[in-house]
There are 2 protein chains.
Amino acid sequence: MSPFKPDIPHPSVRRLSVYLRQLESLRVQDVRTVSSQTLAASLGLTGAQVRKDLAYLGSLGHPGIGYPTQELVSAIRRALGIDREWLAALAGVGNLARALLRYRGFPQQGFRIVALFDTDPAKIGQQVEGLTIHGVGHIPEVIAATGAELGVLTVPVEGAQAVADMLVAAGIRGVLNFAPTVLRLPASVSLVSVDLAVQLEQLAFLVQMASHD
Amino acid sequence: MSPFKPDIPHPSVRRLSVYLRQLESLRVQDVRTVSSQTLAASLGLTGAQVRKDLAYLGSLGHPGIGYPTQELVSAIRRALGIDREWLAALAGVGNLARALLRYRGFPQQGFRIVALFDTDPAKIGQQVEGLTIHGVGHIPEVIAATGAELGVLTVPVEGAQAVADMLVAAGIRGVLNFAPTVLRLPASVSLVSVDLAVQLEQLAFLVQMASHD
DNA sequence: GGATGTGAACGACTTCACAGCG
DNA sequence: CGCTGTGAAGTCGTTCACATCC
């Protein structure tokens, strides 16, 4: 099915996302070509690191010249699987959900939120950013009707596992979880979790370490 | 200054945060003691991994018994530097900021947001969650007056570096950045960045890989 | 000359396996 | 006997160094 699948290591995948962000801003400035050293310096990395990562995309670089910006952008998008539109459903319509709905980065990268769910009867039926909030009981039909493949979980921690299970049952293929809990999902469903308290704790640790000379 | 600083590796630090979350929920259920195997299984890790991580905290485990929940929680909090209160300032009062202000996990872990900043004249002077929004011009005085040590950046990408520079100039010691850009800060200031588009891209990649058998 | 792509050396983290203790 | 703590082995990722090509 896939033409070739070079099995990109996880750290490289994360960095490719970061390169993409940087390259898109360079492209806007009409920079045609970029060297591994230049790109690396702008991100605080080494040239070798960047070259290793980009080599997973194939041989796009030209010795003595660098990498063509435009082609790199396309190749990274293809490798990451974002050379097409991804439809997502969002469960739990609080402030975080509203922030995500207005976040320009998502549509820019081809992510479109096409369905909203909540358990709160007061919210069900309301419109947010042009989308109607559905009760979680309607997850199956709405997911099927919209064709959403990804689920974004911005519900309180108590309901997270239950709502995740419903999304999975409805055929969702990946979950982005913001609830501070460890979700148990079937292996066939991909999971990325972002725990905001964990991030702040990492920061506190770093600051504390920096103080101890 | 520090009694002992065992230099915990980064992956372990991240997992310690996760253990803490899990242990606190166990403690609520009055579970007095926990084995590395039990804790590991609940998180999808191996017992050896958990033991290695916990060994950085000292010898808290009892062979044949396990680890005392309560003491583990305290030891992890101490190691992470969250055995005290951290004061944070939040710059950029949009939906994401409002979500963070209402997020229960922060006060629970000892993080308190004590100051708000924005550039929008329409927002300056308004109250949100009991805090007054100040103009970014007042960052120096307000940071000094409140004693905030951490800065949370929830501003649009265009203003991120400039606001970060102001926070740094005001004496902030760590920054949690949500803007999708690579911030350049002095080495003395710690930085943790969360790029939401990157997270969704990781998810898309995983789902794509899962489809290719 | 200038910059890529990559084997080889290195370093970091994880897993194994087991001695030792309650 | 169960479970911890930890050297040793193994795996994974990064850095180095250089042959190669325009």
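Sequence lines set the chain letters: A, B, ... in the order given, protein chains first and strands last, and positions in each chain run from 1. Since the structure is predicted, the reported quantities are computational estimates derived from the model, not experimental observations. The basis for the numbers below is simple: all heavy atoms, side chains too, and nothing from hydrogens, waters or symmetry mates.
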(request) Please check if any side-chain donor atom of A:Q70 sits under 3.5 Å from a side-chain acceptor atom of A:R27, or the reverse. (result) yes
(request) Map A:H62 and B:S59 onto DNA chain D by nearest heavy atom, then report which one ends up closer to the 5' terminus. (result) B:S59
(message) Both A:H10 and A:I65 contact DNA chain D. Taking the nearest nucleotide for each, which residue is further toward the 5' end?
(response) A:H10
[N] OP1/OP2 closer than 4.0 Å to side-chain N/O of [X]:
X: B:Y67; N: D:dG5; answer: yes
X: B:R15; N: C:dT14; answer: yes
X: A:S36; N: C:dT4; answer: yes
X: A:Q37; N: C:dA3; answer: no
X: A:S35; N: C:dA3; answer: no

(message) For a quick check of understanding: with a heavy-atom distance under 4.0 Å over all strands, which category does B:G64 fall into, base, sugar-phosphate or nothing?
(response) base
(request) Could you check whether A:L45 gets within reach of a base, just the sugar-phosphate, or nothing at all, counting any heavy atom under 4.0 Å? (result) nothing
(message) Do B:L57 and B:L16 make a side-chain contact, defined as non-hydrogen atoms from C-beta onward lying under 4.5 Å apart?
(response) yes
(message) Working to the nearest 0.5 angstrom, can you tell me the gap between B:L80 CG and A:M209 CE?
(response) 11.0 Å
For the pair made of [atom1] in [X] and [atom2] in [N], what is the distance, rounded to whole Å?
X: A:L16; N: D:dG13; atom1: CG; atom2: P; answer: 13 Å
X: B:Q49; N: D:dT11; atom1: CD; atom2: C1'; answer: 13 Å
X: A:L39; N: C:dA3; atom1: CG; atom2: C1'; answer: 14 Å
X: A:L57; N: C:dG5; atom1: CG; atom2: C1'; answer: 13 Å
X: B:D7; N: C:dG11; atom1: CG; atom2: P; answer: 16 Å
X: B:R14; N: C:dC13; atom1: CZ; atom2: P; answer: 10 Å
X: B:L60; N: D:dG5; atom1: CG; atom2: P; answer: 7 Å

(message) Check this for me: does the side-chain of B:K52 come within 3.5 Å of the base of C:dT14 through a donor and an acceptor?
(response) no
(request) Compare the minimum distances between each of D:dC3, D:dT6, C:dT4 and the side chain of A:R51, then state the nucleotide with the smallest one. (result) C:dT4
(request) Test B:E201 against every option in A:R77, A:R15, A:R21 by the salt bridge (Lys or Arg N to Asp or Glu O under 4.0 Å) rule and name the one that passes. (result) A:R21
(message) With salt bridge (Lys or Arg N to Asp or Glu O under 4.0 Å) as the test, pick out the partner of B:R112 among B:E149, B:E129, B:E85.
(response) B:E85
(message) Both A:L54 and B:D53 contact DNA chain C. Which one's nearest nucleotide lies toward the 5' end?
(response) A:L54
